Asker: 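Below you will find the structure I want to go over with you.
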Amino acid sequence: MKHSMNQQTRRGQGPVRRIGRTLAFVLPVVLVLSGTLAVTRVNWSGNSTDPVLTAADTSVGTPRAAKRAPQDILRDRLLTELQEEDPGVALTHLQQAVNGRPSLAKHCASIARALGQAAVRVYGPTRAQSYARPVCDTAFATGVAAAHS
């Protein structure tokens, strides 16, 4: 009688064991693949056109930069773009950053105003105003007007 009980118990564990073995094999494979896909989505080169932080952003490694907020880093990067290219490129990248990272939306107007003020210093009020567009409402134009008055 005892022998037949063990045999029934083993039969009952058969499907459970197969499921357990399948999970033991499949789960690590799924985790490795998902981790690999996550790593491939990060821009490791640091040569990004996206104004949001990249994985190779060297400014983050410094103690001072580690305390800086993402919106401050974005503002500084866009101000540099404004000087190297033009305000239109910086405004486009600001809009892309806000679309890609909605937590930056509450800082959009202040960043756009700073870009408007910097555009007046670099291009003068008339040319700076020509770059105005409805990114973050009219904050860029407000920055231009504030810097000009």
Side-chain angles (χ1 to χ4, degrees), residues 10-149:
R10 285 185 186 161
R11 278 189 214 142
Q13 290 179 353
V16 173
R17 269 198 189 155
R18 270 185 266 141
I19 291 171
R21 285 181 184 163
T22 302
L23 282 175
F25 175 73
V26 171
L27 192 58
V29 172
V30 169
L31 290 174
V32 167
L33 287 176
S34 64
T36 303
L37 291 174
V39 168
T40 59
R41 296 234 345 130
V42 174
N43 179 4
W44 294 98
S45 69
N47 299 328
S48 174
T49 58
D50 190 10
V52 183
L53 288 176
T54 62
D57 194 344
T58 55
S59 65
V60 175
T62 62
R64 183 176 156 254
K67 295 177 184 174
R68 293 181 59 202
Q71 66 270 13
D72 296 335
I73 294 168
L74 174 62
R75 183 191 63 239
D76 293 348
R77 183 175 292 154
L78 293 175
L79 288 170
T80 301
E81 269 185 13
L82 181 138
Q83 292 175 356
E84 292 175 355
E85 297 186 38
D86 66 58
V89 172
L91 286 171
T92 298
H93 289 158
L94 173 60
Q95 187 66 56
Q96 289 171 347
V98 170
N99 290 345
R101 203 167 173 188
S103 63
L104 292 171
K106 61 185 170 189
H107 305 286
C108 186
S110 66
I111 294 172
R113 263 192 307 279
L115 289 173
Q117 292 168 350
V120 169
R121 288 190 299 271
V122 174
Y123 297 99
T126 305
R127 187 162 175 217
Q129 188 62 38
S130 71
Y131 290 102
R133 60 174 84 151
V135 175
C136 310
D137 294 324
T138 57
F140 180 82
T142 304
V144 170
H148 182 22
S149 56

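Since the model is a prediction, treat every value here as computed from it, not as a measurement.
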Asker: For Ala132 and Ala141, work out which heavy atoms get closest and say how close.
Answerer: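 The answer is CB-CB, 4.3 Å.
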Asker: Once you round to the nearest 0.5 Å, how far does CG of Leu82 lie from CG of Leu94?
Answerer: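 Answer rounded to 0.5 Å: 11.5 Å.
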Asker: Do you know the tightest heavy-atom contact between Val144 and Pro125?
Answerer: CG1-O, 4.0 Å
Asker: Got a second to check how far Asp76's CG is from Leu79's CG, nearest 0.5 Å?
Answerer: 6.5 Å
Asker: Measuring from Cys108:SG to Gln95:CD, what's the distance to the nearest 0.5 Å?
Answerer: 6.0 Å
Asker: To check you understand the geometry: which heavy-atom pair defines the closest contact between Leu74 and Ile111, and what is its length?
Answerer: CD2-CD1, 4.0 Å
Asker: Could you go through Ser110 and Arg75, starting from their C-alpha distance and side-chain angles, then the distance that decides it, and tell me whether this counts as side chain to side chain donor-acceptor pair (under 3.5 Å)?
Answerer: CA-CA 9 Å; Ser110 66; Arg75 183 191 63 239; over 6 Å; no
Asker: If I compare all heavy atoms of Val120 with all of Ala128, which pair ends up nearest, and what's the gap?
Answerer: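 So the two residues come closest at N-CB, 3.8 Å.
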Asker: How would you list all residue pairs meeting ring-ring contact (aromatic ring centres under 6.0 Å, His included) that involve residues 96-121, not counting sequence neighbours?
Answerer: none
Asker: Let me confirm one number: the OG1-CD distance from Thr92 to Glu85, rounded to the nearest 0.5 Å.
Answerer: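 Answer rounded to 0.5 Å: 10.0 Å.
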Asker: If every non-hydrogen atom of Ala147 is compared with every non-hydrogen atom of Gln117, which pair is closest and at what distance?
Answerer: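 That would be CB-CA, 3.8 Å.
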Asker: If you take all heavy atoms of Tyr131 and Gly88, which pair is closest and at what distance?
Answerer: CD2-N, 3.6 Å
